[in-house]
Amino acid sequence: SKVLEYLGDAFYYQKKYKESLKAYDTSLHSILQEKVIKSGGHIEATAKADRVNSILSLKVKLANVLYDAGEQEAAINIVQNIFKETEEFIPSLILYAKAANDRSQRAAAIQILLKGIVKDSENKVLRENIADMVGADGGMKDLMETFVGETGEGLSSALAFLGTILKDH
């Protein structure tokens with residue numbers, strides 16, 4: 001299934017979306033049909049986590065292909081379904097923020113990315129997306145909208161951290 005995923009990646013970067021979708025979808029179905037190896041009658045925790053991560057990753061890749069192919073609503077539906085499982089999968093947060101930003105909801109997009117940065121403060125893609133959105137015209141105003149009503153030390157720390165992100169990008 002990894003080979004199919006890599007094939008899907010290659011097609012995606014060549015903008016061959018139909019082929020990419022087919023490869024990702026086949027890879028996803030392959031993973032979903034795999035028998036999970038049990039150790040002593042129990043599914044090994046790391047194997048289960050790897051499987052879940054692979055499934056989520058492929059779902060986001062499918063959503064990205066659909067989004068870039070012009071099927072934004074279908075892509076958003078996939079991401080919303082992922083959120084029913086977990087709101088902590090960073091690639092799904094990034095795509096959802098992209099969709100919000102593309103729909104002129106930059107303050108909401110920034111807020112979504114901030115959720116991700118709390119979970120993974122070192123994620124380069126998250127940092128780049130935040131810097132791009134905040135650095136765009138009106139971006140600082142949109143950023144400040146996300147902090148309306150917030151006060152205290154937490155706000156100071158958050159703004160200092162965001163300042164570091166913006167300085168680095």
- Taking 4.0 angstrom as the limit, do E5 and K2 come out as a salt bridge? yes
- Item | Exercise: identify the closest heavy-atom pair between A97 and A109 | O-CB, 3.2 Å
- Message: Using 0.5 Å steps for rounding, measure from the CG atom of L95 to the CD1 atom of I76.
- Response: 7.5 Å
- D25 side chain vs L21 backbone, donor-acceptor pair below 3.5 Å: no
- Task: Mark yes or no for whether S121, through its side chain, and V118, through its backbone, hold a donor-acceptor pair below 3.5 Å.
- Result: no
- Spell out, yes or no, whether V65 and F89 are grouped together once hydrophobic residues are joined by side-chain heavy atoms under 4.5 Å, including indirect joins. yes
- Task: Flag the pair D9 and K61 as a salt bridge only when some basic side-chain nitrogen lies within less than 4.0 angstrom of an acidic carboxylate oxygen.
- Result: yes
- Message: I'd like to know if Y13 and V60 are part of one continuous hydrophobic network [Ile/Leu/Val/Met/Phe/Trp/Tyr, side-chain heavy atoms within less than 4.5 Å].
- Response: yes
- Query: When rounded to the nearest 0.5 angstrom, what is the spacing between CZ in F161 and CG in L166?
  - Reply: 10.5 Å
- Check: A160 main-chain N/O paired with T164 side-chain donor or acceptor under 3.5 Å: yes
- Could you give me the CA-CA distance, side-chain angles and deciding distance for E85 and K59, then say whether side chain to side chain contact (heavy atoms under 4.5 Å, CB included) is met? CA-CA 12 Å; E85 296 173 48; K59 286 180 179 180; 2.9 Å; yes
- Residue pair L143 / I130, side-chain heavy-atom distance below 4.5 Å: no
- Query: Hey, what do you get for CG (L126) to CD1 (I117), rounding to the nearest 0.5 Å?
  - Reply: 4.5 Å
- Task: Let me see the working for I82 and I78 under side chain to side chain contact (heavy atoms under 4.5 Å, CB included), right down to the final yes or no.
- Result: CA-CA 6 Å; I82 291 170; I78 290 172; 4.2 Å; yes
- Task: Could you tell me whether a side-chain N or O of T26 sits under 3.5 Å from a main-chain N or O of K22, the two making a donor and an acceptor?
- Result: yes
- Value rounded to 0.5 Å, distance of CG in N129 from CG in L93: 11.0 Å
- Query: Passes salt bridge (Lys or Arg N to Asp or Glu O under 4.0 Å), E71 versus K18? Steps please.
  - Reply: CA-CA 12 Å; E71 298 289 333; K18 186 177 177 184; over 6 Å; no
- Message: Could you check whether atom CG of D168 has more than 12 heavy atoms from other residues, nucleotides or ligands sitting under 6.0 Å from it?
- Response: yes
- Query: Are I112 and I165 connected, step by step, through hydrophobic side chains (Ile, Leu, Val, Met, Phe, Trp, Tyr) whose heavy atoms are closer than 4.5 Å?
  - Reply: yes
- CG of D50 to OG of S57: how many Å apart, nearest 0.5 Å? 11.5 Å
- Would you find a donor on one side and an acceptor on the other, under 3.5 Å apart, between the side chain of N53 and the backbone of A49? no
- Does the gap between the ring centers of Y96 and F83 come in under 6.0 Å? yes
- Output, in order, the C-alpha distance, side-chain angles, deciding distance and verdict of side chain to side chain contact (heavy atoms under 4.5 Å, CB included) for M133 and L113. CA-CA 10 Å; M133 286 185 198; L113 293 174; 3.7 Å; yes
- Item | Validation row: R103, Q72 side chains within 4.5 angstrom (heavy atoms) | yes
- Rounded to the nearest 0.5 Å, the OG atom of S92 sits from the CG atom of N81 at a distance of 11.5 Å
- Task: Using modelled atom types only, decide if a donor and an acceptor are shared between the side chain of S1 and the backbone of S30 within a distance under 3.5 Å.
- Result: no
- Message: Closer than 3.5 angstrom, by distance alone: can the side chain of R127 be matched with the main-chain N or O of L162 as a donor-acceptor pair?
- Response: no
- Message: Side-chain heavy atoms nearer than 4.5 Å, only ILVMFWY residues, links allowed to pass through others: does that put L58 and L4 together?
- Response: no
- Message: For a 4.5 angstrom cut-off between non-hydrogen side-chain atoms, does L114 reach F147?
- Response: yes
- Please determine if E145 and R106 form a salt bridge, counting it only when a charged side-chain N lies under 4.0 Å from a carboxylate O. no
- Item | Nearest non-hydrogen partners of Y12 and S20, listed with the distance | CB-OG, 3.5 Å
- Message: Taking the basic N atoms (NZ, or NE/NH1/NH2) and the acidic carboxylate oxygens, is any pair closer than 4.0 Å for K98 and E128?
- Response: no
- Message: Contact between L7 and Y24 at the side-chain level, heavy atoms closer than 4.5 Å - yes or no?
- Response: no
- Message: Just so I know, are the side chains of Y17 and L66 near enough to count as touching, which here means a heavy-atom distance under 4.5 Å?
- Response: no
- Task: Look at atom OH of Y6 and say whether more than 12 heavy atoms of other residues, nucleotides or ligands are closer to it than 6.0 Å.
- Result: no
